[in-house]
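Data first, discussion second: the structure below is written as structure tokens.
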Amino acid sequence: MSSKHGVAHFFEEARESGGYASFCIGCDAFVRNDAEKWAEQVKENLAPIGSKTNELVPISDLLVPLHFPEMDAEELRKKKSTVELALEKLCGYYAQQGCSTQPSDRAEPGARMIRVGSVIHTVKWSPDGTTLASGDEEYLVRLWDVASGQSLRILRGHTGWVHGVAFSPDGGLIASASVDKTVKIWNTTSGECLQTLEGHTDVVESVAFSPDGRHIVSGSCDHTLKIWETATGNFLRTLPGHTKWVNSVAFSSRSTIASASDDTTVKIWDPATGNCLHTLKGHTDVVFSVAFSPDGRTIVSGSRDKSVIVWEAATGNLLQTLTGHDHWVAAVAFGPRGTIASASDDETVKIWDAATGNCLQTLTGHTDWVWAVDFSPDGLYIVSGSHDTHIRIWDALVPPQRRMVLYG
């Protein structure tokens with residue numbers, strides 16, 4: 001390999017332009033020989049976008065305008081030109097080294113950037129796939145347009161961190177759970193707070209709607225679950241049984257409830273009677289998250305013991321244990337295409353085959369704990385939220401072909 005000194009100038013130009021240059025990750029020679037030598041340069045100045053099919057995104061058309069949304073047209077053209085030059089030179093250089101990628105072999109642009117501005121505790125996809133809802137440490141629920149990455153509205157009213165959000169099945173309502181010990185119900189379109197549900201005596205960690213949207217379940221650090229009537233906000237019943245914090249709750253399509261707790265168990269409940277149907281034991285530490293498969297037959301849970309466990313909902317039997325994360329598993333989600341996503345304090349999201357338990361893909365890019373994960377309704381994308389204040393949208397198909405990045 002020849003010296004990279006001539007290319008460094010273009011890296012620097014791209015960095016100074018405020019955008020990110022792109023580089024090929026499809027050439028084995030480049031990955032094997034150059035990545036190690038250029039690790040620090042890549043880390044500081046480059047954001048790789050593409051896939052093992054040798055596709056490159058036209059960064060100048062994609063990232064620079066989003067870095068500088070208020071820049072006048074002439075200045076924007078100058079910056080786009082600089083980044084485009086860097087991209088063209090880099091592609092040319094890699095071609096000389098035997099990489100087959102050409103500037104024309106670029107993927108359709110797919111990235112979006114926005115600024116959240118706060119640590120993200122929760123993020124959920126709307127039922128129609130067009131909107132994201134996030135909850136953060138500024139006590140806010142924020143709604144985002146998936147297509148553009150633009151903020152739609154901010155829902156204000158909580159007086160503590162927002163730890164959980166959920167869309168109603170028709171998407172018309174949002175429920176939010178907060179450190180302020182309340183659950184709030186919001187009109188998605190207007191942003192109006194319709195109800196404030198009070199009754200928990202400690203932090204409310206999680207919230208979920210029933211399949212018909214008529215009821216809401218909440219889980220709290222007061223060791224209980226509570227069920228509420230959506231239309232009126234009336235309290236219906238308390239589900240006692242956990243001996244420590246309830247970190248996560250989920251409603252199945254079969255109208256049963258699952259809860260995950262610091263007491264290392266997952267419980268399955270009948271919401272009509274309040275009876276605990278099963279207590280699932282298998283984790284050896286705090287269980288942070290629980291989710292049902294779309295058909296309600298299977299449950300997945302994630303724990304501080306670094307594992308993901310798949311359970312049979314009808315019997316509570318442990319089906320398989322998925323290992324591979326290097327730190328706590330903070331969030332899990334079940335997709336409609338037979339895959340599971342898990343988010344971890346090891347800064348990664350993993351995609352698993354629910355049937356075999358095989359890890360299909362590890363998604364890297366976050367730079368701090370990943371605390372939230374969800375699938376799009378069609379199962380094609382995964383959204384993740386992190387302590388690094390970034391929301392990222394990933395292609396859920398394996399191997400991933402396109403990723404959107406929402407920066408905060």
Side-chain angles (χ1 to χ4, degrees), residues 112 114-220 222 225-237 248-251 257 271 371-372 374 376-377 383 385 389 391 393 406 408:
R112 298 291 184 268
I114 59 175
R115 181 159 296 280
V116 178
S118 182
V119 170
I120 300 155
H121 284 267
T122 179
V123 62
K124 293 292 182 182
W125 223 299
S126 66
D128 65 4
T130 65
T131 307
L132 296 173
S134 64
D136 59 48
E137 291 190 358
E138 291 187 349
Y139 314 165
L140 302 175
V141 177
R142 305 174 196 255
L143 304 185
W144 310 96
D145 178 70
V146 172
S148 67
Q150 297 299 307
S151 174
L152 296 174
R153 60 191 56 87
I154 297 175
L155 313 184
R156 306 174 189 274
H158 281 297
T159 58
W161 296 354
V162 178
H163 279 186
V165 294
F167 281 94
S168 62
D170 65 3
L173 300 175
I174 293 171
S176 57
S178 172
V179 171
D180 66 14
K181 306 178 187 178
T182 72
V183 172
K184 289 184 180 290
I185 304 174
W186 313 82
N187 181 288
T188 304
T189 303
S190 69
E192 178 186 1
C193 180
L194 304 176
Q195 305 281 350
T196 297
L197 314 184
E198 298 178 308
H200 282 295
T201 59
D202 208 332
V203 171
V204 188
E205 291 282 2
S206 181
V207 66
F209 280 92
S210 61
D212 61 9
R214 295 174 57 193
H215 300 106
I216 290 172
V217 62
S218 55
S220 169
D222 65 11
L225 291 74
K226 290 186 183 293
I227 299 177
W228 316 80
E229 188 175 56
T230 304
T232 64
N234 289 339
F235 164 74
L236 298 179
R237 63 174 49 89
S248 178
V249 293
F251 244 116
I257 292 171
W371 284 348
D374 195 25
S376 61
V383 63
T389 76
I391 292 172
I393 300 178
L406 310 185

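We're numbering straight along the sequence, starting at 1.
The closest side-chain donor-acceptor pair between H163 and S178, if any, does not fall under 3.5 angstrom. Looking only at atom types and distance, the side chain of S218 has no donor-acceptor partner in the side chain of K226 under 3.5 Å away. Defined by atom type and a distance below 3.5 Å, a donor-acceptor pair is missing between the side-chain atoms of W144 and T131. No side-chain N or O of E229 forms a donor-acceptor pair with one of H215 less than 3.5 Å apart.
The CG atom of L173 sits 12.5 Å away from the CH2 atom of W186 when rounded to the nearest 0.5 Å. Remark: L140 CG to S118 OG distance equals 7.5 Å, nearest 0.5 Å. In this structure, S126 OG and D170 CG are separated by 11.0 Å, a value rounded to the nearest 0.5 Å. In this structure, S376 OG and D128 CG are separated by 11.5 Å, a value rounded to the nearest 0.5 Å. In this structure, SG on C193 lies 8.0 Å from CD1 on I185, to the nearest 0.5 angstrom. The distance from the OG1 atom of T182 to the CD atom of Q195 is 12.0 Å, given to the nearest 0.5 Å.
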Given V207 and V217, is the side chain to side chain contact (heavy atoms under 4.5 Å, CB included) satisfied, shown in steps? CA-CA 6 Å; V207 66; V217 62; over 6 Å; no
Test side chain to side chain contact (heavy atoms under 4.5 Å, CB included) applied to E198 and K181, step by step: CA-CA 7 Å; E198 298 178 308; K181 306 178 187 178; over 6 Å; no
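A salt bridge links R142 to D136: at least one charged side-chain nitrogen sits closer than 4.0 Å to a carboxylate oxygen.
The minimum heavy-atom distance linking I174 with A133 is given by the pair CD1-CB, 4.4 Å. The nearest pair of heavy atoms linking A250 to A208 is CA-CB, 4.2 Å. Counting all heavy atoms, side chain and backbone alike, F209 lies closest to F251 at O-CB, 3.2 Å. When every heavy atom of P127 is checked against every heavy atom of F167, the shortest pair comes out as CD-CB, 3.7 Å. Listed here is the closest heavy atom pair of V162 and S176: CG1-CB, 4.2 Å. Among all heavy-atom pairs drawn from D222 and H200, the shortest one is OD2-ND1, 2.9 Å.
A 4.5 Å side-chain heavy-atom check between I257 and L225 finds at least one atom pair inside the cut-off. A heavy-atom distance below 4.5 Å is not found between the side chains of V146 and T130. Residues S151 and L143 fail the side-chain proximity criterion, which asks for heavy atoms closer than 4.5 Å. Proximity of V123 to W371: side-chain heavy atoms (C-beta onward) are nowhere separated by under 4.5 Å. No side-chain heavy atom of V141 sits less than 4.5 Å from a side-chain heavy atom of I154. Within the 4.5 Å cutoff, the side chain of V204 has no heavy atoms near those of the V179 side chain. Residues L152 and Q150 form no side-chain contact, since every pair of their non-hydrogen atoms from C-beta on lies 4.5 Å or further apart.
Although no hydrogens or angles enter the test, the distance criterion places a donor-acceptor pair under 3.5 Å between the side chain of S206 and the main chain of V249. Remark: the backbone N or O of H158 is not paired with any side-chain donor or acceptor of D180 at under 3.5 angstrom. Under a 3.5 Å cut-off, the side chain of T196 and the backbone N or O of K184 do not form any donor-acceptor pair. At distances below 3.5 Å, at least one donor-acceptor pair connects side-chain atoms of S220 with backbone N or O atoms of V203. Side-chain atoms of N187 do not come within 3.5 Å of backbone N or O of E192 as any donor-acceptor pair. Of the possible donor and acceptor atoms, one in the side chain of T188 sits under 3.5 Å from a partner among the backbone N and O of G171. Judged by distance alone, with hydrogens and angles left aside, the side-chain atoms of T230 form a donor-acceptor pair with the main-chain N or O of R214 at under 3.5 Å.
No more than 12 heavy atoms of other residues, nucleotides or ligands lie within 6.0 Å of CH2 in W161, so this atom counts as exposed by the packing criterion.
Under the side-chain hydrogen bond (donor to acceptor under 3.5 Å, both in side chains) criterion, T189 pairs with no residue, sequence neighbours left out. The ring pair (Phe, Tyr, Trp, His ring centres under 6.0 Å) search around W228 returns F235, not counting sequence neighbours.
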